Amino acid sequence: MSTDRIPLIKPYVSLDEVQNQFEAIFESGWFTKGRNVAGFREDISAYTGAKYSFTTTSATTALYACLKLLGIGAGDEVIVSDFSFPATANVVEDAGAVPVFADVSLETYNMTAAELRAKISARTKAVIFVDAFGNPSGLDEIKSICAEQDLPLIEDAACAIGSSLDGVKCGNISDLSCFSFHPRKLLNCGEGGAITTNNSEYAEKLEILLNHGARIADGQFDFVESGYNFRMTEIQAAMGIAQLKKLDSIVSSRNEIKAAYDEKLMPLGFIPQKVNKNVITNCQSLVYRVPEGCNRDALVSALAKRNIESTIGTYCLSGLTYYRKKYDAVNPGSEKLQQTTITLPCYDGVDALFVADNVADIINS
Ligand SMILES: *Cc1c(COP(=O)(O)O)cnc(C)c1O
């Protein structure tokens with residue numbers, strides 16, 4: 001059977017949607033720190049409800065800036081969700097602190113309250129909760145514990161733009177939220193990221209940290225910190241503005257695709273990522289646990305032979321070679337998810353029934 005290749009995701013932005021903005025940027029010669037970046041920051045605040053928004057080069061630099069902002073370094077511990085992309089832990093390691101891996105729920109794939117409580121120590125300086133595949137289920141419990149323990153809560157919302165909890169958008173829930181605008185996510189700026197917060201002190205410091213450590217007073221630069229250039233360009237921001245306008249419709253369309261997949265795959269024994277009742281997920285990645293006895297890697301290969309792209313869910317961070325060698329504390333739940341989850345294609349126009357029929361055909365053969 002040969003078909004056009006079915007990829008995991010297709011971008012939600014096309015050249016004609018940004019052509020005019022790109023032309024204006026080239027005509028003006030104004031490629032950075034201009035009206036597109038300013039506009040995108042305002043739009044992110046308006047969309048999420050967060051008071052302050054900053055754009056960055058990636059979610060990785062956004063997370064790193066948050067740790068620097070909190071003064072986290074040698075001798076400190078940061079509790080991180082164990083089922084995630086390596087960047088979540090790498091930033092902690094790179095800041096000189098110790099990432100303490102909290103195991104996750106086999107249902108929601110997110111850090112559990114019990115694990116968080118068990119991992120808090122006198123050295124804990126912050127918590128990084130990951131919205132696995134855009135799904136903030138359980139974040140409410142984690143937020144209460146952080147408030148009770150007076151620990152700053154950083155949300156790795158890299159996947160979660162457009163998701164919400166109790167009617168509040170991700171970006172307006174935690175002390176600091178970090179987004180990614182990598183092409184694999186729903187809002188694609190080529191590369192890029194954002195930080196949102198409601199804390200004015202954090203906002204003041206971020207403005208400095210993200211701009212070479214400079215405080216601007218009376219048009220003069222005063223370099224008061226050792227900061228960075230983590231800024232996105234005008235071109236990236238123009239792409240972001242175009243997509244944010246249609247994000248809510250992208251989220252509903254992805255949830256319809258998920259429902260079509262669920263209907264076909266659940267009878268085969270596939271278990272979808274659980275979405276709590278108070279959550280709307282953006283379905284950034286459509287992830288299932290494969291049926292008992294099904295070899296996930298063999299399924300991914302068999303789908304590839306049929307020109308259908310699929311991949312693992314994501315990584316058990318405590319089990320990555322670097323972290324396993326250094327800390328030797330692999331979490332069982334997250335390890336099981338790394339071995340048994342699969343991501344299936346999800347984008348506007350994907351033929352979910354065709355993909356699901358192929359999955360069924362492979363499983364039953
Ligand atoms: C994609 C992703 C990142 C990294 O995002 P970049 O923008 O590529 O730096 C970090 N954390 C999670 C959970 C991600 O999915």
Side-chain angles (χ1 to χ4, degrees), residues 9 11-15 17-48 50-69 85 87-88 90-91 94 134 154-162 169-172 176-197 202-214 216 221 225 227-247 250 282 284:
I9 194 163
Y12 288 95
V13 62
S14 58
L15 183 57
E17 288 172 285
V18 286
Q19 187 95 42
N20 291 344
Q21 286 78 358
F22 282 12
E23 275 169 18
I25 292 165
F26 277 78
E27 270 161 30
S28 70
W30 200 291
F31 288 93
T32 187
K33 295 205 278 186
R35 14 189 285 240
N36 288 284
V37 167
F40 191 30
R41 287 176 62 178
E42 278 172 23
D43 290 356
I44 293 169
S45 278
Y47 181 81
T48 58
K51 262 196 200 138
Y52 309 100
S53 297
F54 299 85
T55 48
T56 62
T57 49
S58 67
T60 306
T61 52
L63 287 164
Y64 189 70
C66 290
L67 295 175
K68 296 313 268 185
L69 154 74
F85 192 72
T88 310
N90 290 348
V91 290
D94 207 49
I154 302 171
E155 186 177 339
D156 181 342
C159 296
I161 190 87
K169 285 261 164 50
C170 287
N172 192 17
L176 290 152
S177 306
C178 298
F179 295 100
S180 172
F181 306 134
H182 181 276
R184 192 51 189 82
K185 320 292 183 182
L186 297 196
L187 199 151
N188 168 6
C189 294
E191 292 280 0
I195 306 170
T196 57
T197 185
Y202 288 173
E204 209 172 296
K205 283 193 190 159
L206 280 170
E207 194 72 59
I208 294 168
L209 273 178
L210 298 173
N211 289 292
H212 302 288
I216 305 170
F221 287 99
E225 293 279 349
Y228 306 90
N229 171 0
F230 284 161
R231 295 188 298 262
M232 74 162 45
T233 65
E234 283 290 291
I235 292 178
Q236 291 166 299
M239 291 174 70
I241 290 170
Q243 290 163 90
L244 203 51
K245 288 195 177 80
K246 53 186 181 181
L247 188 58
I250 294 171
N282 65 2
Q284 183 270 332

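As the structure is a computational prediction, the values presented were derived from the model and not from experiment.
Here the side chain of T48 pairs no donor or acceptor atom with the backbone of K169 at under 3.5 angstrom. Put simply, the side chain of S45 gets close to the backbone of A50: a donor and an acceptor are under 3.5 Å apart. Remark: the backbone N or O of E191 is paired with a side-chain donor or acceptor of Q236 at under 3.5 angstrom. The closest donor-acceptor contact from the side chain of N282 to the backbone of C159 lies under 3.5 Å. Checking side-chain atoms of E234 against main-chain N and O of I25 turns up no donor-acceptor pair under 3.5 Å.
Residue pairs meeting the side-chain hydrogen bond (donor to acceptor under 3.5 Å, both in side chains) criterion with at least one member in residues 179-189, sequence neighbours excluded, are R184-S285.
Under the side-chain contact (heavy atoms from CB on, under 4.5 Å) criterion, T60 pairs with S58, A87, V91, not counting sequence neighbours. Not a single ring-ring contact (aromatic ring centres under 6.0 Å, His included) links F22 to another residue, sequence neighbours left out. Considering only residues two or more places apart in sequence or on other chains, R41 meets the salt bridge (charged side-chain N to carboxylate O under 4.0 Å, His left out) condition with E207. Residues passing the side chain to side chain donor-acceptor pair (under 3.5 Å) test with T197, sequence neighbours excluded: none. Judged as a salt bridge (charged side-chain N to carboxylate O under 4.0 Å, His left out), and not counting sequence neighbours, the contacts of E17 are K246.
When the shell of 6.0 Å around CZ of F26 is examined, it contains 12 or fewer heavy atoms from other residues, nucleotides or ligands.
For the pair T196 and N172, the minimum side-chain heavy-atom distance is 4.5 Å or more.
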